[in-house]
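Notes follow once the structure below has been shown.
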2 protein chains.
Amino acid sequence: MTVDDDQLDRSFAALADPVRRAMIARLSRGPATVNELAEPFPITKQAVSRHIQVLEAAGLITRTRDGQRRPCHLVPAALEALTSWIDNYRLETERRFRRMEALLKENES
Amino acid sequence: MTVDDDQLDRSFAALADPVRRAMIARLSRGPATVNELAEPFPITKQAVSRHIQVLEAAGLITRTRDGQRRPCHLVPAALEALTSWIDNYRLETERRFRRMEALLKENES
DNA sequence: TCCTTGATCAACTGATGTGTTGAATATAGG
DNA sequence: CCTATATTCAACACATCAGTTGATCAAGGA
């Protein structure tokens, strides 16, 4: 999955909050409703509802309908898009470091 | 490399800005000074200087001294810490999806 | 239909973030 | 010493964000 710049903005901003990261961790173990996600936190359900909207706008989760409930589901492909963005630059940097080391070793011999 | 919650806050928040992401991309190709990093952007160097401080506080870059210059260097291990945090939950979710699929297939037979 | 539960909308507050301008600091070089 | 260059600090404006309370909407069950 490839993402545009706005999607990266929203995704990284979504992860830049401990409450939303804890929700991601919870959802990795299975779907959950607003009430279930709210349970561990000392904040109102309205606040939790908005955290969920942030995650959904980022594409990190989707929502289904189950009667009155609106269960949330993690979207692994969206997470994968972030890691591949980061890995791109990490790997490039590590390659450069290895080339530098090789050059140093060559010069000292 | 393992990071604490505050470090994750700062790192993801640092990446939630297109200017800082472009700086990461630039630095993956080699060290650069404030002036070099500022060049592509229509903002003041003071603003660029603060973007750099944000990246440094997140541990994503380090800085050295070269006369008046303060070159920035990307820290691949810090990027790796982020991808492994994300991958942890992505892989857990994908494992769960595969178990679900297996169960469905078993029940339909 | 009435009441309860799950979830969201609207308006407001305080904190944080990103940008500006202007002044200050530090190092290199004549 | 004096000046130019690289960078940072300080103070301010403006926008966005996370939280609150109170009202509203939607679906289920007696």
Side-chain angles (χ1 to χ4, degrees), chain A residues 4-27 30-74 82, chain B residues 4-27 30-74 82:
Chain A
D4 58 41
D5 221 53
D6 284 350
Q7 200 74 353
L8 287 174
D9 270 8
R10 284 191 285 266
S11 296
F12 284 126
L15 294 181
D17 183 295
V19 171
R20 288 192 291 261
R21 282 198 303 279
M23 289 174 169
I24 295 284
R26 165 66 185 79
L27 290 172
T33 65
V34 175
N35 273 303
E36 289 164 348
L37 287 171
E39 198 272 324
F41 304 107
I43 61 177
T44 63
K45 291 173 186 174
Q46 289 94 323
V48 171
S49 183
R50 288 211 295 201
H51 279 301
I52 290 172
Q53 286 171 30
V54 170
L55 290 169
E56 192 178 19
L60 296 174
I61 67 171
T62 57
R63 311 192 66 179
T64 51
R65 166 69 73 177
D66 171 30
Q68 316 166 258
R69 320 275 171 77
R70 309 286 309 278
C72 304
H73 310 258
L74 208 46
L82 299 184
Chain B
D4 57 41
D5 221 53
D6 285 350
Q7 201 73 356
L8 287 174
D9 270 7
R10 283 191 285 266
S11 295
F12 284 125
L15 294 181
D17 183 293
V19 172
R20 288 192 292 261
R21 283 198 303 279
M23 289 174 170
I24 295 283
R26 166 64 186 80
L27 290 173
T33 65
V34 175
N35 271 303
E36 290 164 349
L37 288 171
E39 198 272 325
F41 303 109
I43 60 177
T44 62
K45 291 174 186 173
Q46 290 93 322
V48 171
S49 182
R50 287 211 294 202
H51 279 301
I52 291 173
Q53 286 172 31
V54 170
L55 290 169
E56 192 179 19
L60 295 174
I61 67 170
T62 55
R63 312 192 65 181
T64 51
R65 166 70 73 176
D66 171 30
Q68 319 165 254
R69 322 275 172 73
R70 309 287 309 279
C72 303
H73 311 257
L74 207 48
L82 298 184

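In what follows, chains carry the letters A, B, and so on, assigned in the order in which the sequence lines appear, proteins first and then strands, with residues in each chain numbered from 1. In what follows, every heavy atom counts, from backbone to side chain, and hydrogens, waters and symmetry copies are set aside.
- Heavy atoms of A:Gln53 sit under 4.0 angstrom from primed sugar atoms or phosphate atoms, though from no base atom.
- At whole-Å resolution of the value, CG in B:Asn35 and P in C:dA28 are 16 Å apart.
- The side chain of B:Thr44 sits closest to C:dT20 out of C:dT20, D:dA4, C:dT18.
- Residues B:Cys72 and B:Leu27 approach most closely at O-CD2, 3.5 Å, considering heavy atoms.
- OP1 or OP2 of C:dT5 has not a single side-chain nitrogen or oxygen of A:Arg69 nearer than 4.0 Å.
- A straight line from CZ of B:Arg50 to P of D:dC9 spans 10 Å, rounded to a whole angstrom.
- Here the CD1 atom belonging to A:Ile61 is positioned 7.5 Å from the CG atom belonging to A:Leu37, to the nearest 0.5 angstrom.
- Two residues, A:Gln46 and A:Arg65, neighbour DNA chain D, and the one matched to the more 5' nucleotide by heavy-atom proximity is A:Gln46.
- Look at CD1 on B:Ile52: it is 15 Å from C1' on C:dT18, rounded to the nearest Å.
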Report task. Walk me through it: do A:Val19 and A:Met23 pass the test side chain to side chain contact (heavy atoms under 4.5 Å, CB included)? Result -> CA-CA 6 Å; A:Val19 171; A:Met23 289 174 169; 3.9 Å; yes
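- The distance between atom CD of A:Gln68 and atom P of C:dG6, rounded to the nearest whole Å, is 7 Å.
- Counting to the nearest Å, the P atom of C:dT25 and the CZ atom of B:Arg70 are 16 Å from each other.
- The backbone N or O of B:Gln53 sits nowhere less than 3.5 Å from a side-chain atom of B:Arg63 that would complete a donor-acceptor pair.
- Taking atom CZ of A:Phe12 as the reference point, atom C1' of D:dT16 lies 20 Å away to the nearest angstrom.
- Look at B:His51 and you won't find any side-chain N or O under 4.0 angstrom from OP1 or OP2 of C:dG17.
- The phosphate of C:dT8 has OP1 or OP2 within less than 4.0 Å of a side-chain N or O from A:Ser49.
- When the P atom of D:dG22 is taken as reference, atom NZ of A:Lys45 falls 17 Å away, rounded to whole Å.
- A donor-acceptor contact closer than 3.5 angstrom links the side chains of A:Arg10 and A:Gln7.
- As rounded to whole Å, 7 Å separates atom P of C:dA7 from atom CZ of A:Arg63.
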